[in-house]
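First the structure, in the form of structure tokens, and then the observations on it.
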Amino acid sequence: MFHVLEKRISEAVSARIAALYGIEFAVQTEQPKQASFGEVAIAAAFQLARQLKKAPKAIAVEVADGFTVDGVSSIEIAGNGYLNVRLDRGSYAWGLIAGEAQAGAHGAGKIIVEHTNINPNKAAHIGHLRNAILGDTFVRMLRATGETVEVQNYIDNTGVQVADVVIGFRRLENKSAENVRDLITSTRFDYLCWDVYTRISAYYQDHKEDAAEWRRETLHAIEADEGADAEIGHLVADAIVDAHLQTMLRLGIEYDVLPRESEILHLQFWASAFEQLKQRQAIYFETEGKNKGCWVMPGAAFRDDPQGEEDSKVIVRSNGTVTYVGKDIAYQLWKFGLLGKDFYYRKWYEYPDGHPLWASTDQPQANDLHFGGGSRVYNVIDSRQSYLQDVVVAGLRALGYAEQADRSVHFSYEMVALSPRTCVELGIELSEEDKRRPYVEVSGRKGLGVKADDLIDKLIENALIEVTSRHPEEAAEARKRVASEIAVGALRYFMLKFTRNSLIAFDFSEALSFEGETGPYVQYAAVRARNILRKLEERGEKIPDFRAALPLEALARQLNSNEDCWQLLLAASKSDSAIERAVASGEPSHAARYAFQLAQAFSNFYHEFPVISETNPEKKTFLLWMTEYFRAQLERTLAVLGIEVPEYM
RNA sequence: GGGCGCGUAGCUCAGGUGGAUAGAGCAUCAGCCUUCUAAGCUGAGGGUCGCUGGUUCGAGUCCAGCCGCGCCUACCA
């Protein structure tokens, strides 16, 4: 609603300026610093001052003189040339009641968002949670603005990390495929693999030659899909993928398709990409120097001022195998439908809500499913991989796909590290050097990190204590469900409140907090809004039909006589523009912060206006509508963040 | 060395395309529960926006140079 009006105002002022001065000027609207200045501010007079050789104030006077816009009650000149716009409150509110929201139909093509992408060789940790929560929230934001989105979770089931766990089971633990199969059903397998991976990594420290030899053998066996190594590789990767899916499902995160590395290999995706790269001369065969015998991409393709050979990137090794980046170029081509190939798909899992999850397969299937072929691609990958992402995009560009290269977005974010205090709580021994640092990097190899499920469990445990102390009379099952929703709300909000390039030094006490700027604070506001409406019905009163009960004049009367209500309503009506802005800037944190501000606004409303006990009938109806509107807006915004509203708190 | 990013209140962080008095949460202190749930609300204190220059009517925001910190810079993924 608000952004519709903003747009109308900026267009009208632009037209006005064109009529007055005969120039094209795209007027920007902004939010006034103070609420008392009005609802929309325009600084155009300052920007035009030089061009028109006039004082800003004089321009503002000319623009504002006799100028009106539909839905605007007044335009004032303030300061040295600001135009402050005041909305017609009654008609604004009436528009909200009548539901004049209408999301503009976006959707020129499918958007692909790839996130999570955890190596399927051990339990997920908090760093992975940031990736998945950022990605999932961005998907929800896009869908809220009307986009069609396909969610991909890439599974590297044939890489060294899986190989290392296979080696751990085979060489350190002496396990057969049959043993591993048993372990999958009888143990917390993703946790077991976490430990196996830590042990084999530690073993490599002292046995470098074994590492190289065993990895070569095992990777070869896995790629060829032969023997016990390959079998264990399948068992491990598939079981861990399932574990990750369950972990993410606890947070409400679902995927559409799992493109897997094994099919990229078996269906020769790389061979097709390799042909294209050679044909277009995006890569060349190096005949001398340190990269002799490799196919490399010259540094000039992805660097502004390459330092020479040092900067070229090996795509195919001298032994003929392709690097990760090479495979990623093939994968990226497929995402845009530029590879000329597709996977086959089999159903991997059906979510409790009925949503099917498909996974790639190399065997033809009865279905005729197709994925990929997006018009825009977001890769949610941490900022440490920006160099590799640059190379992938350079690959597209070198192949002549400039447009797709521009639409390949590295949705990067900084890592999640551990605060020193949290390390102490986890019983992790820190070196003197680490103790002086503000944070300690998570390391899967060292087993140094907080497992996702452990954190979620701990959050639920803490939430359950709070819930039980407040609502001892409620059924245990319901309390558990509420505690879980609060825990998820806390976790998702915590991961979203920071901007993407802010490094999170994970701290238990901070993450476990349910007060202040947290998910539960926002949930609490929504629960209280619902409570008011519920209490009313419990008293035998009915929620009025607001369209009939609140004519425009009544709305104008209420809003003009009460500044606080107007400000609160205004804030609540900005959810669409907040989400749009968050999408445009690629910052889910903006959406999270808006949710918090909205909750703050409602908390103020809650304390200032006793709704049910209000004796003036018109005012009571009006306050009820405000409550209902806040409830709807809070719930919509929380849904975009992937946070549920508990029955009670 | 090069690339990317960061430096704002005691702590953790926000600060659309430069604009009107730099914000929030936590922590601290002082208040508010016979009235829709105190996971809440009200108020107070707390700032050389790393430093120095520049651009201009105007800089936390843009530019340059410093200082400090982090990540990346593999024929690992």
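Basis for what follows: all heavy atoms, side chains included, without hydrogens, waters or symmetry-related copies. So you know, we letter chains A, B, ... as the sequences are listed, proteins then strands, and number each from 1.
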- Send over the distance from A:Asn319 CG to B:A74 P, rounded to a whole Å. 18 Å
- Message: Within 45 degrees of the ring normal and closer than 6.0 Å to the centroid, is that where the cationic atom of A:Arg500 sits relative to A:Phe411?
- Response: yes
- d(CD, A:Glu414; P, B:C6) in whole Å: 9 Å
- Item | Nearest-angstrom distance from the residue atom CD of A:Gln389 to P of B:C72 | 15 Å
- Message: Let me spell it out: for each of A:Ala78 and A:Ser383, pick the nucleotide of RNA chain B with the closest heavy atom. Which residue's pick is nearer the 5' end?
- Response: A:Ala78
- Heavy-atom pair of closest approach, residues A:Gly489 and A:Gln523: CA-NE2, 4.0 Å
- Pair A:Asp210-A:Tyr203, side-chain donor/acceptor within less than 3.5 Å: yes
- Message: Just so I know, are the side chains of A:Asn153 and A:Asn117 near enough to count as touching, which here means a heavy-atom distance under 4.5 Å?
- Response: yes
- Query: CD of A:Glu76 versus P of B:A20: gap in Å, rounded?
  - Reply: 18 Å
- Item | Pairwise C1' distance, B:G31 and B:G50 [rounded to whole Å] | 38 Å
- Task: Determine if A:Phe37 stacks with B:A20; use a centre-to-centre distance below 5.5 Å and an interplanar angle below 30° as the criteria.
- Result: yes
- Query: Say you pick atom C1' in B:C62 and the same atom in B:U56; how far apart are they, in whole Å?
  - Reply: 11 Å
- Note on the structure: Side-chain atoms of A:Met415 come closest, of B:G25, B:A39, B:C71, to B:C71
- Determine which bases of RNA chain B form Watson-Crick or G-U wobble pairs with both distances under 3.5 Å, and write the result as a 5' to 3' dot-bracket string with | for other-strand partners. (((((((..((((.....[...)))).(((((.......))))).....(((((..]....))))))))))))....
- Would you indicate what A:Asn84 reaches in the nucleic acid, counting non-hydrogen atoms under 4.0 angstrom: base, sugar-phosphate, or nothing? base
- Task: Flag the pair A:Glu461 and A:Lys458 as a salt bridge only when some basic side-chain nitrogen lies within less than 4.0 angstrom of an acidic carboxylate oxygen.
- Result: no
- Value in whole Å for how far the P atom of B:A74 lies from CG of A:Asp390: 14 Å
- Let me know, please, whether A:Arg215 or A:Ile42 comes out on the 5' side of the other along RNA chain B by nearest nucleotide. A:Ile42
- Nearest to the side chain of A:Tyr521, which nucleotide is it out of B:A77, B:C41, B:C72? B:C41
- Can you tell me how far P of B:A77 sits from CD1 of A:Ile240, to the nearest Å? 21 Å
- Looking only at side-chain atoms of A:Asn119, point me to the closest of B:A39, B:A77, B:U42. B:A77
- Message: Between A:Gln600 and B:G25, is there a contact of a side-chain N or O with OP1 or OP2 at under 4.0 Å?
- Response: yes
- Query: Contact class for A:Leu533 (heavy atom, under 4.0 Å): base, sugar-phosphate, or nothing?
  - Reply: nothing
- Query: Just checking A:Ser585: base, sugar-phosphate only, or nothing, at a heavy-atom cut-off of under 4.0 Å?
  - Reply: nothing
- Task: Classify every nucleotide of nucleotides 11-18 of chain B by which part a protein heavy atom approaches to under 4.0 Å, writing B for the base, S for the sugar-phosphate alone and - for neither, in 5'-to-3' order.
- Result: -SSSSBB-
- Message: When the C1' atoms of B:U48 and B:U8 are compared, how many Å lie between them, rounded to an integer?
- Response: 12 Å
- Task: Count the heavy atoms of every other residue, nucleotide or ligand shown that sit under 6.0 Å from NE2 of A:His471, and state whether that count exceeds 12.
- Result: yes
- Item | Atom pair CD1 (A:Ile167) and CD (A:Glu213), whose distance is rounded to the nearest 0.5 Å | 10.0 Å
- Taking atom C1' of B:A24 as reference, at what distance in whole Å does atom CG of A:Asn604 sit? 13 Å
- Say you pick atom P in B:G7 and the same atom in B:G15; how far apart are they, in whole Å? 10 Å
N/O-N/O pairs, protein side and nucleotides 34-37 of chain B side, under 3.5 Å:
unit_1, atom_1, unit_2, atom_2, d
B:C36, O3', A:Lys535, NZ, 3.4
B:C36, O2, A:Val611, N, 3.4
B:C36, O2, A:Ile612, N, 3.3
B:C36, N3, A:Val611, N, 3.2
B:C36, N4, A:Tyr606, O, 2.1
B:C36, N4, A:Phe609, O, 2.8
B:U37, OP2, A:Lys535, NZ, 3.2
B:U37, O5', A:Tyr606, OH, 3.3
B:U37, O2', A:Tyr524, OH, 2.7
B:U37, O2, A:Met649, O, 3.4
B:U37, N3, A:Met649, O, 2.3
B:U37, O4, A:Met649, N, 2.7
B:U37, O4, A:Met649, O, 2.9

- Is a salt bridge present between A:Glu538 and A:Lys535, judged by a nitrogen-to-oxygen distance below 4.0 Å? no
- Item | C1' gap between B:U17 and B:U61, integer Å | 11 Å
Listed pairs under 3.5 Å, donor-acceptor, residues 588-598 of chain A side chains, sequence neighbours left out:
unit_1, atom_1, unit_2, atom_2, d
A:Ser589, OG, A:Glu587, OE1, 3.1
A:His590, ND1, A:Ser585, OG, 3.1
A:Arg593, NH1, A:Glu517, OE2, 3.4
A:Arg593, NH2, A:Lys497, O, 3.3
A:Tyr594, OH, A:Ala571, O, 2.8
A:Tyr594, OH, A:Ala572, O, 3.2
A:Tyr594, OH, A:Ser575, N, 3.1

- For nucleotides B:C49 and B:G23, find the distance between their P atoms and express it as a whole number of Å. 14 Å
- Query: According to the salt bridge (charged side-chain N to carboxylate O under 4.0 Å, His left out) rule, which pairs have a member within residues 381-390 of chain A, sequence neighbours left out?
  - Reply: A:Asp382-A:Arg384, A:Arg384-A:Glu441
- Message: Quick check on B:G16: syn or anti? Syn means the glycosidic torsion is within 90 degrees of zero.
- Response: syn
- Can any side-chain N or O of A:Arg530 pair as donor or acceptor with the backbone N or O of A:Tyr648 at less than 3.5 Å? no
- Task: Rounded off to whole Å, could you give me the CG-to-P distance for the A:Asn462 and B:A39 pair?
- Result: 16 Å
- Query: If you measure from the P atom in B:C36 to the same atom in B:A30, how many Å do you get, rounded?
  - Reply: 28 Å
- Query: Short question: side chain of A:Ser14, backbone of A:Phe25 - any donor-acceptor pair under 3.5 Å?
  - Reply: yes
- Note on the structure: Among the nucleotides B:C71, B:A74, B:A77, whichever has the atom closest to the side chain of A:Lys313 is B:A74
- Looking only at atom P, what distance separates B:G60 and B:G1, rounded to whole Å? 31 Å
- Note on the structure: The side-chain hydrogen bond (donor to acceptor under 3.5 Å, both in side chains) partners of A:Tyr204 (sequence neighbours excluded) come to A:Asp164
- Touch class at under 4.0 angstrom, heavy-atom based, for A:Val467 against every strand present: base
- Query: Between A:Pro120 and A:Ile155, what is the shortest heavy-atom contact and its length?
  - Reply: CG-CG2, 3.8 Å
- Message: Using side-chain heavy atoms (C-beta onward) and a distance below 4.5 Å, is A:Arg86 in contact with A:Asn84?
- Response: no
- Message: When you measure only distances, ignoring hydrogens and angles, does the side chain of A:Ser318 come within 3.5 Å of the base of B:C75 through a donor and an acceptor?
- Response: yes
- Task: Using a 4.0 Å heavy-atom cut-off across all strands, classify A:Ala584 as base, sugar-phosphate, or nothing.
- Result: nothing
- Task: With the side chain of A:Phe596 defined as its heavy atoms from C-beta on, choose the nearest nucleotide among B:G70, B:A39, B:A24.
- Result: B:A24
